[in-house]
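Worksheet: one structure, shown below.
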Amino acid sequence: MTSSVATPSIHVERTRTPRPKPKETELGFGRHFADHMFIADYVAGRGWTAPRVVPYAPFSLEPAAMVFHYGQAMFEGLKAFRLPDGQVALFRVDRHCQRMAKGAPWLSMPAPDPDFLQSAIVTLVATDREWVPASRGTALYVRPTLIATQPSLGVRPSETYSLFVITSPVGAYYTGGLKPVRIWVERERVRAVRGGIGAVKAAGNYAASLQVAEHAREKGCDQVLWLDAAERRFVEEVGTMNVFLVIGNELITPPLTGSILAGITRDAVITLARDWGLAVAERPIALDEVEAAHRNGLLKEAFGTGTAAVIQSVGTLVYDGGELMIGDGRTGSLAQRLYDAITRLQYGDDPDPHDWRTIVSMPSA
Ligand code: COI
């Protein structure tokens with residue numbers, strides 16, 4: 001089943017100068033922005049005020065705004081797709097809104113009510129529906145963001161916040177498309193620690209990953225395999241994605257123990273694989289186990305999952321002084337089957353038994 005969500009009244013001010021849209025064959029990822037954005041302001045004691053869709057434009061913040069100093073910033077990322085009948089559907093928007101609400105308190109930020117955020121996203125995407133590209137592999141990426149705005153240098157939570165949502169017509173996240181990536185196994189630096197904010201889509205988590213990702217690129221790799229912070233033994237994430245391995249006949253992904261993001265594509269993969277009767281385990285995976293499985297011919301596939309790339313096969317793990325090719329180095333059959341199934345659901349080619357699509361329609365005023 002596919003659900004429709006009515007939106008409450010959010011003031012919409014349409015642009016008088018719509019911008020030319022990029023060609024669908026030249027989108028890249030996150031380089032172009034649609035005509036409008038959503039903004040709402042939060043004031044302690046008053047809650048969220050003045051929710052509005054306005055023309056996309058720079059906004060001003062004081063240099064003392066707390067987001068610039070103590071990093072109270074988090075975001076979400078989801079996509080809207082053009083269906084065969086021309087309608088637009090958001091994929092798992094409810095889960096993304098719930099995740100933002102769950103994550104905000106970890107940064108002492110006010111949690112936007114998930115229904116309120118979903119209404120904001122639906123209204124914005126409805127306003128910019130012409131920006132949703134139609135070709136396969138493209139989508140309108142939706143980026144809700146929450147930042148602290150109070151001008152103050154005291155180290156404590158801000159009393160004011162902005163919640164804004166921008167959108168970007170996108171193509172493939174990795175320039176090589178589905179081509180399997182080379183992954184650097186990082187044995188020193190870590191992405192997140194258990195008990196910290198690794199499970200939150202906090203901007204700082206991404207900042208902390210950049211230098212290691214640069215280092216991986218210098219080694220000829222596309223991204224980083226992150227290991228656990230305590231022992232540097234257990235596989236945690238790959239690049240900005242959750243990680244899955246196929247060892248023997250089992251699909252395995254690390255459990256959500258606090259340092260790993262509860263990916264919504266991760267959840268989709270687990271749900272579909274279980275629907276198909278596959279053995280799925282959420283359990284710790286030691287790097288030693290991966291190496292042993294490789295030696296014994298049992299390591300069949302490795303792939304990352306995320307909203308941006310959907311499924312990205314890992315072709316090779318690269319160490320200081322060694323490489324380990326996974327399967328035959330090409331996209332594995334399960335990765336391909338999952339990619340096909342998820343994208344068919346996203347683009348409305350298949351029925352929607354889990355109610356993952358939300359049709360976007362402008363509320364009647
Ligand atoms: C995703 O895979 O969706 C991500 O988290 C990457 C995003 C930050 C561009």
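These figures come from a predicted structure and were not determined experimentally. We're numbering straight along the sequence, starting at 1. Remember, it's 1-based here, ligands and their atoms both numbered in the order they're listed.
Not one N or O of Tyr141 is nearer than 3.5 Å to an N or O of ligand 1, by distance alone. Between Phe75 and ligand 1, no pair of N/O atoms sits closer than 3.5 Å. At least one N or O atom of Thr307, backbone or side chain, sits closer than 3.5 Å to an N or O atom of ligand 1.
In this structure, Arg330 places its CZ atom where only 12 or fewer heavy-atom neighbours from other residues, nucleotides or ligands lie under 6.0 Å away. A 6.0 Å sphere centred on NZ of Lys102 holds no more than 12 heavy atoms belonging to other residues, nucleotides or ligands.
The nearest heavy-atom contact from the protein to atom 6 (C) of ligand 1 is Thr240 OG1, 3.4 Å. In this structure, atom 5 (O) of ligand 1 lies nearest to the protein heavy atom Lys201 NZ, 2.7 Å. When only non-hydrogen protein atoms are considered, atom 3 (O) of ligand 1 lies nearest to Ala308 N, 2.9 Å.
Nearest to atom 8 (C) of ligand 1 by heavy atom, out of Phe29, Tyr173, Tyr206, is Tyr206.
Using cut-offs of 30° and 60° on the angle between ring planes, the pair Phe244 and Phe303 is parallel. Using a 30° and 60° split on the angle between ring planes, Phe33 and Tyr56 fall in the parallel class, below 30°.
Listed by number with element, the atoms of ligand 1 under 4.0 angstrom from any heavy atom of Gly306 are 2 (O), 3 (O).
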- Worked verdict on Lys179 versus Asp222 for salt bridge (Lys or Arg N to Asp or Glu O under 4.0 Å): CA-CA 11 Å; Lys179 187 168 157 278; Asp222 302 284; over 6 Å; no

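Taking both residues in full, the closest heavy atoms of Thr331 and Pro180 are given as N-CG, 3.5 Å, listed atom of the first, atom of the second, then distance.
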